[in-house]
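As the structure lists them, so they are numbered: ligands from 1, and atoms in each ligand from 1. Quantities reported herein were computed from a predicted structural model and do not represent experimental measurements.
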Amino acid sequence: MLTFYSADSRLRQARTELHDGTLVAPFECPERVDLVLKQLRLSGLGEIRAPSAYGLAPVLAVHDKDYVTFLANCWEAWLAAGHEGEAIPNIWPARRMRGDHIPHAISGQLGYYALAAETSISAGTFEAAMASKDVALGAVEYTLQTGEPSFGLCRPPGHHAAYDQFGGYCFFNNAAIAAQRALESGKRRVAILDVDFHHGNGTQQIFYRRDDVLFISLHGDPEVTFPYYLGYADEGGEGKGEGFNINYPLPHGTSVATWMATLEQALAKIQAAGCELLIVSLGVDIFENDPISAFTFTSEDFTNLGQRLAQAGLPSVFLMEGGYAVDEIGVNVSNVLHGFEQGV
Ligand code: OKS
Ligand code: ZN
């Protein structure tokens, strides 16, 4: 399988994450991609290719222009304001405040464009986010042209990024950008299957009123985990999007057997909807030893997941989302992709 990867993903070098009341070294660290790459090479998955630069047009097809400008300028504005440390939001347009007002000061803008406070912005964040969406676009272009599967080793991840909000380590919604590109190239309906431990609130939001992208997510129950305010089972889409958003919130500790049985339901929906391309938001934070998640996949279970996804018989693009057990992240990703190749 062909992998797309950009060395510019390393340009995101955030030092701080607000985690359980403490500023810690970010879980979403550059070593994650280094270790995945290493294992893909070791296991002989196939060629690793750098993507072209696709510019901002495909980003603006799913994100707000002012949001993109904010991201591009945030770090410089933070420095210009004389702040120390990294750009972290700490005030929001909360209920009963002016929800539609964008203040002049960068500290106010941060809250307007953020959906959470764990994700800091610093030098290179925007450049890495650009590289990450190029990786996704390179992968989807390749699969559109050849019908062959591909893996986009995106970093930073994307599925929490909404139309005009960053958070949960995400800035541009790589899967949404890739899906939109596939539609523009002529696919009539695309499935995004999000297997990351966390609900893909951004992807859901972007396509919530549309029937050309079927979004299906299996994830930890938002009653008890991030992102808390979206990802419930009763969120089924709106308007012509009704029926094209499907959430499977699952309890902490859910067995792999239950998870895989739920995947069967998801795949049946994808078949029934006549989707012409499958984009997998591949978070391997469903791993039993993930430090911030609570599902129970073993490394071997990831092989079975890949095999089962291959049986869907669709042109498939895998895009990296979460996964923070760095010692095992390479094997877990590699197992999904090799499993897919075995399962075809
Ligand atoms: C902060 C918890 C933040 C969780 C962010 C989720 C990142 C992720 N202590 N999304 O898929 O993996
Ligand atoms: Zn996750």
With a cut-off of 2.8 Å, does Glu321 place any N/O/S atom under that distance from the Zn ion (ligand 2)? no
Nearest 0.5 Å, what's the [atom1]-[atom2] distance between [X] and [Y]?
X: Asn174; Y: Asp134; atom1: CG; atom2: CG; answer: 9.5 Å
X: Leu110; Y: Thr119; atom1: CG; atom2: OG1; answer: 11.5 Å
X: Ile286; Y: Leu250; atom1: CD1; atom2: CG; answer: 10.5 Å

Of all the heavy atoms in [X], does at least one lie under 4.0 Å from an atom in ligand 1?
X: Glu321; result: no
X: Tyr324; result: yes
X: Gly283; result: no
X: Glu28; result: no

Per-atom contacts, ligand 1 versus [X] - under 4.0 Å to a heavy atom:
X: His19; result: 1 (C), 9 (N)
X: Asp196; result: 10 (N), 11 (O)
X: Gly168; result: 5 (C), 7 (C)

In Asp196, which N, O or S atom comes closest to the Zn ion (ligand 2)? OD1
To 10 degrees, how wide is the angle OD2 (Asp285) to the Zn ion (ligand 2) to ND1 (His198)? 100°
Between Tyr113 and Phe70, does the ring centroid distance fall short of 6.0 Å? yes
Would Phe166 and Phe171 count as a close aromatic pair, with their ring centres under 6.0 Å? yes
Quick one: sort the Phe197 and His252 rings into parallel, tilted or perpendicular, breaks at 30° and 60°. tilted
Using 30° and 60° as the class boundaries, would you call the ring planes of Phe287 and Phe302 parallel, tilted or perpendicular? tilted
Backbone or side chain, does any N or O of Asp285 fall under 3.5 Å from an N or O of ligand 1? yes
How does His159 reach ligand 1, if at all, at less than 4.0 Å between non-hydrogen atoms: by side chain, backbone, both, or neither? side chain
Could you find the nearest protein heavy atom to atom 10 (N) of ligand 1 and give me its residue, atom name and distance? His160 NE2, 2.6 Å
Residue, atom and distance of the protein heavy atom nearest atom 4 (C) of ligand 1 read Phe226 CG, 3.8 Å
Would one find more than 12 heavy atoms of other residues, nucleotides or ligands at under 6.0 Å from atom NZ of Lys269? no
Linked hydrophobic residues, Leu115 as query - side chain contacts closer than 4.5 Å: Phe226, Tyr228, Tyr229
